[in-house]
Amino acid sequence: MIDLTRYIRDVPDFPKPGIVFKDITPLLADHQALRETIARLVDPFRHKGVEVVAAVESRGFIFGALAAGELQAALVPIRKPGKLPYRTVSQSYELEYGTDTIEVHEDAVRRGQRVLMVDDVLATGGTMAAACRLVRRLGGDILAAAFVIELAFLSGRERIGDCTVHSLIQVK
Ligand code: AMP
């Protein structure tokens with residue numbers, strides 16, 4: 001098994017002072033590490049009938065697209081406001097200072113479809129909690145939220161609530 005932590009680069013003070021940014025580009029640059037990442041991301045869900053992978057902008061798209069291919073599922077992009085061309089539903093969520101919003105096409109998930117949520121990093125959990133709310137509003141049945149990296153010290157799991165969390169790397 002590859003030690004995936006060797007492919008995550010810590011970049012201190014990006015995008016602002018005090019944040020240690022988890023740079024996944026070394027992982028993307030190594031095809032074996034990337035392939036193993038996707039395999040480990042989807043392994044618990046291979047025979048669970050996942051119909052839709054919902055991926056959160058923007059690095060979530062990379063892992064989500066590969067995971068959808070691996071699971072032979074549809075890919076649904078969850079995007080920042082104003083990016084999706086068709087009719088959307090949107091969900092706002094609280095940040096430390098202010099609020100943010102994400103959107104999805106209103107016909108992206110059908111009632112009862114089995115959905116795997118994907119993003120690169122679970123930090124405070126605000127983004128994924130809002131993404132889950134969006135998918136549930138469309139009637140999606142969420143199996144779990146899968147992340148490459150979980151910043152466990154931020155307790156994002158708790159914010160996501162009743163959703164099962166699957167993460168490959170936990171940062172204490
Ligand atoms: P949060 O809503 O706090 O869980 O933040 C999650 C989103 O912000 C994800 O889409 C991540 O890509 C991004 N993010 C948050 N913190 C970091 C970090 N330290 N390094 C890289 N990305 C991060």
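Counting starts at 1 for both ligands and their atoms, following the listed order. No hydrogens, no waters, no symmetry mates; every other heavy atom, side chains included, goes into these values.
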Colleague: State, to 0.1 Å, how close Val76 and Val104 come at their nearest heavy-atom pair, and which atoms those are.
Modeller: CG1-CG2, 3.6 Å
Colleague: Check whether any side-chain N or O of Gln170 sits under 3.5 Å from a backbone N or O of Ser167 as a donor-acceptor pair, and report yes or no.
Modeller: yes
Colleague: Could you identify the single nearest non-hydrogen protein atom to atom 20 (N) of ligand 1 and state the distance to 0.1 Å?
Modeller: Lys22 N, 2.9 Å
Colleague: Under 3.5 Å between some N or O of ligand 1 and some N or O of Tyr93?
Modeller: no
Colleague: Examine ligand 1 and decide if any of its atoms is less than 4.0 Å from a heavy atom belonging to Val56.
Modeller: no
Colleague: For Asp120, counting its heavy atoms only, list the atoms of ligand 1 lying under 4.0 Å from any of them.
Modeller: 9 (C), 10 (O), 11 (C), 12 (O)
Colleague: Please name the pair of heavy atoms, one in Leu116 and one in Ala146, separated by the smallest distance, quoted to 0.1 Å.
Modeller: CD1-CB, 4.3 Å
Colleague: Evaluate the 4.0 Å heavy atom contact test for atom 4 (O) of ligand 1: does a protein atom fall under the cut-off?
Modeller: yes
Colleague: Check each heavy atom of Thr127 against ligand 1 and say whether those closer than 4.0 Å belong to the side chain, the backbone, both or neither.
Modeller: both
Colleague: Does Ala123 reach ligand 1 with a nitrogen or oxygen that is under 3.5 Å from one of the ligand's nitrogen or oxygen atoms?
Modeller: yes
Colleague: Among protein heavy atoms, which sits nearest to atom 17 (C) of ligand 1, and what does the distance come to when rounded to 0.1 Å?
Modeller: Val121 CG1, 4.0 Å
Colleague: Looking only at the side chains, is there a donor atom on one of Ser92 and Thr101 sitting less than 3.5 Å from an acceptor on the other?
Modeller: yes
Colleague: Under 4.0 Å, heavy atoms only, figure out whether ligand 1 is touched by the backbone of Arg59, its side chain, both or neither.
Modeller: side chain
Colleague: For Gly126, take its heavy atoms, then give the atoms of ligand 1 lying under 4.0 Å from any of them.
Modeller: 2 (O), 4 (O)
Colleague: For ligand 1, which is the ligand I care about here, please tell me if Val20 has any N or O atom under 3.5 Å from one of the ligand's N or O atoms.
Modeller: yes
Colleague: Between Arg79 and Glu103, is there a salt bridge with N-O shorter than 4.0 Å?
Modeller: no
Colleague: Taking a cutoff of less than 4.0 Å between a non-hydrogen atom of the residue and any ligand atom, is Leu151 in contact with ligand 1?
Modeller: yes
Colleague: Flag the pair Asp119 / Met128 as yes when at least one side-chain heavy-atom distance between them is below 4.5 Å, and no otherwise.
Modeller: yes
Colleague: Return yes when Gly60 approaches ligand 1 closer than 4.0 angstrom through a heavy atom, no otherwise.
Modeller: no
Colleague: With rounding to the nearest 0.5 Å, note down the distance linking CG in Leu143 to NE2 in His166.
Modeller: 12.5 Å
Colleague: Taking all non-hydrogen atoms of both residues, which atom of His105 and which atom of Leu138 are closest, and how far apart?
Modeller: O-CD1, 3.7 Å
Colleague: Number the atoms of ligand 1 from 1 as they appear, then name those within less than 4.0 Å of a heavy atom of Thr124, with their elements.
Modeller: 1 (P), 2 (O), 3 (O), 4 (O)
Colleague: Which atoms form the tightest heavy-atom contact between Tyr93 and Ile102, and what is the distance?
Modeller: CE2-CG2, 4.2 Å
Colleague: Between Asp119 and ligand 1, which residue portion shows a heavy-atom distance shorter than 4.0 Å: side chain, backbone, both, or neither?
Modeller: side chain
Colleague: Would you call Asp13-Lys16 a salt bridge at under 4.0 Å N-O?
Modeller: no
